[in-house]
Amino acid sequence: MEHCEVVVIGLGAMGAATAYQLAKAGVDVVGVDRYHPPHTLGSSHGDTRITRLSVGEGAQYVPIVKRAQQIWRELEALSGESLFEQSGLLALTSSPDFDPHDKSDFTLRTLGLAQAYGIEHEVLGAAQIRQRFPQFANVRDDAIGYFEPGGGFVRPERCIDVQLRLAVQHGATLHTGETVTQISSDDCGVTVCTNLRTLKARKLVFSAGNWAGGLLGEPFDRLLGVYRQKLFWFELEAEAGLEGASPTFILTHGRGDDKINYGFPALPGEGSMKIATAQYHTASLPDLLDRTVSAEEQRQMYESQVQGRIAGVTDRVVKSAVCAYTVTADRHFIIDEHPSLKHTLVVSACSGHGFKHSAALGEAFAQWCIRGWTDLDLSSFTLQRFQGQRST
Ligand SMILES: Cc1cc2nc3c(=O)[nH]c(=O)nc-3n(C[C@H](O)[C@H](O)[C@H](O)COP(=O)(O)OP(=O)(O)OC[C@H]3O[C@@H](n4cnc5c(N)ncnc54)[C@H](O)[C@@H]3O)c2cc1C
C-alpha cells in the first residue's frame with residue numbers, strides 16, 4: 001500500500017492540469033494513466049483545439065475559459081513552449097435556412113454572448129467576409145460572421161506534456177502505462193487499485209475521459225456516450241496563399257450537427273488545413289473504436305463539407321485521425337462529487353468543448369482537494385440535473 005494526499009486517475013487534458021496545480025500548491029499527488037500521455041487514444045490529440053472567450057455553448061463557460069487563457073500564458077512563460085495562438089476566431093453562418101432571429105444558430109448565439117459579456121469582436125456581413133477571408137469567398141449574400149480577434153487555438157499535446165513535466169518538477173509522482181482497475185472509499189479516504197499497486201489517498205480526482213462510464217458504472221455508464229470523431233488535414237492548393245493567413249473558424253452551412261464544420265489556420269510549413277465535424281448519432285465503446293479513417297470517409301467529408309464552401313483546399317487528405325467525445329444528453333460537462341464514493345470528484349463529458357477550459361478546471365479541482373470549494377462557479381455541471389433521466 002502506497003500513501004499520498006491526492007490520486008488523479010487519467011492524465012489527459014483534465015488530469016494533467018489537476019496534477020500540475022496540485023503539485024505546484026505543494027500537495028503530495030500521484031497521477032495514474034493507462035497509456036503515456038500525451039497519446040492518441042483518448043480525447044486530447046490532433047494538434048489543435050479551438051479556444052474563444054465567447055463560448056456559444058453557454059455563459060457558464062465564459063469565466064472558465066478566461067482563466068484558462070491566462071494560465072496558458074503562464075505555462076508558456078514557464079516552459080518556453082508556444083501553447084496558445086491567437087489566430088482570431090471566425091464563426092460564420094452561410095445557410096439557405098438562415099433566420100436572423102434563430103436563437104439556436106451558433107454564430108448568433110456566440111455574437112449574443114460576446115455582446116452580453118463585453119468580449120471584443122466584430123460583426124461581418126457577406127462582403128466583409130469575402131474580402132477579409134477569401135477562403136470563404138463563396139458565402140451567401142445573407143451570410144453573417146462573428147470575428148473574435150483574441151480567439152484561436154491551443155496545442156493539446158504540448159499543453160498536456162508541459163503540465164505533466166511541471167507537475168513532476170514540483171514533486172508529483174506519475175505512474176503511466178498503468179491501469180486503474182478498482183476504486184473504493186471509506187471515511188478516511190480512497191483506495192485505488194491498479195494492475196501494479198494499491199494507492200491510498202485522502203482525495204481522488206477522476207478524469208478518465210472516454211473510459212469513465214466503464215470504470216465508474218452507475219449512473220455514469222448510463223449518462224455518458226462515447227462518439228467517434230474524424231479529423232482531416234486537406235492539402236492546400238499551391239497558389240491559395242492560406243498558410244499563416246487564415247483564422248480558426250466554425251462554419252454553419254445549414255441546420256443540424258452535420259451542417260457545421262470547423263477548422264484551423266493552415267500552419268506555416270504544413271501545406272494543409274485541418275477541418276472536422278462532430279457527430280452525436282452513433283455511439284461506440286472506447287476500446288472498440290475504429291481508429292482508421294477510410295477513403296470513403298475522406299471523400300464524403302470533402303464533398304459534404306469542403307467542396308464549394310472553403311476555397312483553396314484540395315480533396316487530397318494528407319493526414320487523418322480518429323478521436324472520441326464523451327458526451328451527456330445535454331452536451332454539458334459533469335463535474336461533481338461521486339454520489340457514493342467518498343472524497344471523489346468526477347470530471348467527465350468535457351468532450352467536444354473541454355480542452356479550452358482544462359487549465360482553469362485543473363486549478364479548480366486542486367482547490368476542491370485542498371479546501372473543498374472552488375473560485376470558479378461549477379454549479380451548473382452537477383449530476384442532479386439528470387435526475388429522472390434514463391440515458392444519453
Ligand atoms: C475530435 C475532437 C475535437 C475537439 N475539439 C475541441 C475544441 O476545438 N476545443 C475544445 O475546447 N475542446 C475540444 N475537444 C474536447 C477536448 O479535447 C476534451 O474535452 C478534452 O481533451 C478531454 O480531456 P479528458 O482529460 O477528459 O480526457 P483525455 O484527455 O482523453 O484523458 C483521459 C485519460 O484517462 C486515461 N485513462 C482512462 N482509463 C483509465 C484507467 N482505467 N486507468 C488509468 N488511466 C485511465 C486515458 O489513458 C487518458 O489519458 C475536442 C475533442 C475531440 C475528441
Under 3.5 Å donor-acceptor, [X] side chain and [Y] backbone:
X    : Y    : result
E57  : H353 : no
D161 : L164 : no
E243 : G269 : yes
T314 : L236 : no

Will you find, in the side chains of [X] and [Y], an N or O donor that is under 3.5 Å from an N or O acceptor?
X    : Y    : value
T252 : S95  : no
Q367 : D375 : yes
Q300 : E296 : yes
N210 : T326 : yes
D290 : T292 : yes
Q229 : Y227 : no
R67  : Q70  : yes

* Test log, rule side chain to side chain contact (heavy atoms under 4.5 Å, CB included), inputs V190 and L341 -> CA-CA 8 Å; V190 290; L341 279 174; 5.8 Å; no
* To do: Would you check, one step at a time, whether the test side chain to side chain donor-acceptor pair (under 3.5 Å) holds for E178 with T194?
  => CA-CA 6 Å; E178 195 167 322; T194 77; 2.7 Å; yes
* **Salt bridge flag under 4.0 Å for residues R197 and E2** =>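 A salt bridge is present here (some side-chain N lies under 4.0 Å from a carboxylate O).
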* Asked: Taking NZ, NE, NH1 and NH2 as the nitrogens, is one of them in E122 or R132 under 4.0 Å from a carboxylate oxygen of the other?
  ->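 Judged by the 4.0 Å cut-off on N to carboxylate O distance, E122 and R132 do form a salt bridge.
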* Asked: Given F133 and F249, is the ring-ring contact (aromatic ring centres under 6.0 Å, His included) satisfied, shown in steps?
  -> CA-CA 11 Å; F133 306 106; F249 66 87; 9.8 Å; no
* Partner of H253 by side chain to side chain contact (heavy atoms under 4.5 Å, CB included), out of D97, I260, N261 ->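 Exactly one option meets the side chain to side chain contact (heavy atoms under 4.5 Å, CB included) with H253, and it is N261.
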* Y61: which of H357, K66, H332 passes side chain to side chain donor-acceptor pair (under 3.5 Å) ->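 Looking at H357, K66, H332, the match for Y61 under the side chain to side chain donor-acceptor pair (under 3.5 Å) is H332.
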* Asked: Stepwise, does the salt bridge (Lys or Arg N to Asp or Glu O under 4.0 Å) test hold for R228 with E297?
  -> CA-CA 13 Å; R228 174 178 179 265; E297 288 175 320; 3.0 Å; yes
* Candidate pair K274 and T48, rule side chain to side chain donor-acceptor pair (under 3.5 Å), full reasoning -> CA-CA 9 Å; K274 178 183 158 189; T48 44; 3.1 Å; yes
